[in-house]
Amino acid sequence: MRKIGLVDFDTSHVVQFTKRLNHLDIAEEQWVDGGNVVMGYPGESRVSPERVPGYTEELREMGVQIVDNPVDMIGHVDAVFIESNEGNQHLGHAKPFLEAGLPLFIDKPFAATTEQARAIAGLSAQHGVPIFSASSLRYTETVMDVQASLAEDGGALGAFAFSPGSEHYANPGLLNYGIHGVEVLYSLMGPGCQEVWAARTDGADHVTGRWDGDRLGTVRTIRDGSAGYGLTVFSAKSTVTSSIDASNNYRNLLREIMKMLDTGTPPLAIEETIEIISFIEAATRSSQNGGTPTRLETAS
């Protein structure tokens, strides 16, 4: 059984993942095999500092050993989940673990900038260590079923996704919560976005991207009014509109992480993850410039 360490406790994911992996206080249908959370570093947070003490105590009660320094876990765990809500923290946290040869799951947002994302990917390649980052919304049954239908229909000609879009100064633009909607859009469209144009109000962001083949994809992240999760996708044979049922998202995401630890192959290409950060950066620049079409740094 693999031993897993957690870094930074400012998200409910640290508790929810531990319950599923350690088979504690959760329905058996949510259990995930292949690893146990054994150690963790609470860390500090600019995004949700009030959460850290409570989650630390919950994990301690679940039998997780709490350490004073994240590198204290090296030599005692087989993989690490970096859970910081703030993308700026991820490169610094990832570096010592990648240098030690430990596989990583890095929770969203993967990084705060395209430059940071490329640096993490470079360390992964340099040390031959698999890494993976994704919103759990990618692995809902709703999204996976639509992906399967798109494979039969020849892929998406266009798509629309929406999600909540709360903001935080430490995670600018869509990095904070709008990234969920961006990840759903990318799960439908795939990589290959060339440019975006964006509008922002106090209540919402509305971002449209032009993909290769002149395909258009749009994401709306919502701060004012009803703000669930949903999608519409257009293909050659059908148009599908659906709300997103997220009841099994953590279980399904953890299964993908465990597969990576088994095979050494991430379920999502790192190039797509980097492009998502580039999409968000370009959207911020576009909205700041009155919606001017803005190319992604990763665009060819």
Do you see a donor-acceptor pair shorter than 3.5 Å between the side chains of [X] and [Y]?
| X | Y | answer |
| --- | --- | --- |
| Thr218 | Thr208 | yes |
| Asn248 | Gln30 | yes |
| Thr114 | Glu281 | yes |
| Asp33 | His23 | yes |
| Asp10 | Ser48 | no |

Main-chain N/O of [Y] paired to [X] side chain as donor or acceptor, under 3.5 Å:
| X | Y | answer |
| --- | --- | --- |
| Arg220 | Val207 | no |
| Ser286 | Ala282 | no |
| Ser133 | Ile106 | yes |
| Trp211 | Gly190 | yes |
| Glu275 | Cys193 | yes |
| Arg210 | Glu195 | no |
| Asn36 | Ile4 | no |
| Arg60 | Gln65 | no |
| Ser84 | Glu86 | no |
| Ser45 | Val47 | yes |

### Task
Evaluate whether atom CG of Asn69 has more than 12 neighbouring non-hydrogen atoms of other residues, nucleotides or ligands under 6.0 angstrom away.
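Yes - once you tally the heavy atoms of other residues, nucleotides and ligands closer than 6.0 Å, there are more than 12.
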### Glu57 atom CD: more than 12 heavy-atom contacts under 6.0 Å
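For Glu57, atom CD is crowded (more than 12 foreign heavy atoms under 6.0 Å).
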Under 4.0 Å between a side-chain nitrogen and a carboxylate oxygen: does that hold for [X] and [Y]?
| X | Y | answer |
| --- | --- | --- |
| Glu272 | Arg138 | yes |
| Arg200 | Glu167 | yes |
| Glu29 | Arg20 | no |

Could you tabulate the donor-acceptor pairs under 3.5 Å formed by side-chain atoms of residues 289-297, not counting sequence neighbours?
| residue | atom | partner | partner atom | Å |
| --- | --- | --- | --- | --- |
| Asn289 | ND2 | Arg285 | O | 3.0 |
| Thr292 | OG1 | Asn289 | O | 2.8 |
| Thr294 | OG1 | Thr292 | O | 2.8 |
| Arg295 | NH2 | Ser300 | O | 2.7 |

Non-hydrogen atoms of [X] and [Y] that approach each other most closely:
| X | Y | answer |
| --- | --- | --- |
| Gly228 | Phe162 | O-CD1, 3.5 Å |
| Val143 | Ser187 | CG1-OG, 3.2 Å |
| Val14 | Asp8 | CG1-O, 3.5 Å |

#### Entry: Worked check of side-chain contact (heavy atoms from CB on, under 4.5 Å) between Ser238 and Asp153
CA-CA 8 Å; Ser238 64; Asp153 290 352; 3.2 Å; yes
### Query
Do His90 and Phe110 have ring centroids that are under 6.0 Å from one another?
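Ring-ring flag for Phe110/His90: false, centres at least 6.0 Å apart.
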### Query
Does Tyr186 have its ring centroid less than 6.0 Å away from the ring centroid of Phe279?
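Yes, they do, as the ring centres are separated by less than 6.0 Å.
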Atom pairs and distances, donor-acceptor, side-chain atoms in residues 115-127, under 3.5 Å, two or more places apart:
| residue | atom | partner | partner atom | Å |
| --- | --- | --- | --- | --- |
| Gln116 | OE1 | Ala112 | N | 3.0 |
| Gln116 | NE2 | Asn88 | OD1 | 2.8 |
| Ser124 | OG | Val129 | O | 2.4 |

### Query
Would you call the rings of Tyr41 and His93 parallel, tilted or perpendicular, where under 30° means parallel and over 60° means perpendicular?
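Geometry flag for His93 against Tyr41: perpendicular rings.
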### Residues which pass ring pair (Phe, Tyr, Trp, His ring centres under 6.0 Å) with Phe105, listed by chain and number, not counting sequence neighbours
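Testing Phe105 for ring pair (Phe, Tyr, Trp, His ring centres under 6.0 Å), a comparison that skips the adjacent residues, returns Phe81, Phe132.
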